[in-house]
S.K.: 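Here's a structure for you.
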Amino acid sequence: MPFDPKRVEVFSLWKELSLQLIYTRQVELEPYIPDIDALCHQADLETLENSYRLYDLLYYFAERFDQTVSQRLITERKMVSALMMQLLQSTRLSPKTCRKCHRPIAWNSPYRICRHCAEARR
């Protein structure tokens with residue numbers, strides 16, 4: 001599966017599309033494409049990420065099972081991606097810092113304290 005099955009909305013869409021494919025051998029994806037106009041006005045990151053997951057699922061479903069990939073799906077998927085990038089660029093995320101001395105820590109550090117504080121602890 002090209003998604004996290006714990007995401008109920010995406011999993012139920014995958015299941016519905018799969019059942020349609022099994023019973024009819026053809027799936028009409030257009031009704032499942034999220035409303036891009038509503039997404040453009042709801043510019044919170046979580047909504048955009050969830051919508052992108054749906055676009056992504058529809059795209060890969062069409063690709064993997066020889067369904068027609070509509071130009072609308074491709075275009076709107078790119079638009080949602082661009083909206084997410086624009087939102088991330090305009091949002092100043094605070095850097096990850098040591099919880100003891102508040103020094104900056106690498107964004108991908110698995111630890112909540114810096115190396116200096118960790119060594120002082122020993």
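Just so we're clear, the structure is a prediction, and the values are computed from it rather than from any experiment.
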S.K.: Going hydrophobic residue to hydrophobic residue with side-chain gaps under 4.5 angstrom, can you get from L88 over to Y52?
M.R.: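 Yes, it is one cluster - the side chains of L88 and Y52 are joined through contacts under 4.5 Å.
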S.K.: So among T68, V69, I74, L73, which one has a side chain to side chain contact (heavy atoms under 4.5 Å, CB included) with Q71?
M.R.: I74
S.K.: So, taking the atom named OG in S81 and the one named CD in E76, what distance separates them when rounded to the nearest 0.5 Å?
M.R.: 13.5 Å
S.K.: Listed by chain and number, what are the salt bridge (charged side-chain N to carboxylate O under 4.0 Å, His left out) partners of E28, not counting sequence neighbours?
M.R.: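 Residues passing salt bridge (charged side-chain N to carboxylate O under 4.0 Å, His left out) with E28: none at all.
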S.K.: Could you state the interatomic distance from NE2 (H102) to SG (C114), rounded to the nearest 0.5 Å?
M.R.: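 If we round to the nearest 0.5 Å, H102:NE2 and C114:SG are 10.5 Å apart.
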S.K.: Would you name the heavy atoms of P34 and S51 that are closest together and state the gap between them?
M.R.: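 For P34 versus S51, the nearest heavy atoms are CG-O, 4.3 Å.
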S.K.: What distance separates M79 CE from Q86 CD, expressed to the nearest 0.5 Å?
M.R.: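 CD of Q86 is found 10.5 Å from CE of M79.
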S.K.: Please find the pair of heavy atoms, one from L13 and one from L58, that lie closest to each other, and give the distance.
M.R.: CD2-CD2, 4.1 Å
S.K.: At what distance, to the nearest 0.5 angstrom, does CD of Q20 lie from CD of Q26?
M.R.: 10.0 Å
S.K.: CG of L54 to CZ of R7: how many Å apart, nearest 0.5 Å?
M.R.: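 Going from CG on L54 over to CZ on R7, the span is 10.5 Å.
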S.K.: Has E49 got more than 12 heavy atoms of other residues, nucleotides or ligands less than 6.0 Å from its CD?
M.R.: yes
S.K.: So F65 and W14, would you call those rings parallel, tilted or perpendicular, with 30° and 60° as cut-offs?
M.R.: tilted
S.K.: Are Y59 and Y55 near enough that their ring centres are under 6.0 Å apart?
M.R.: no
S.K.: Please report the shortest heavy-atom distance between D44 and L87, naming the atom on each side.
M.R.: C-CD2, 3.8 Å
S.K.: Could you tell me which non-hydrogen atom of I33 sits nearest to which non-hydrogen atom of S70, and how far apart they are?
M.R.: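 Heavy atoms of I33 and S70 come nearest at CD1-OG, 4.0 Å.
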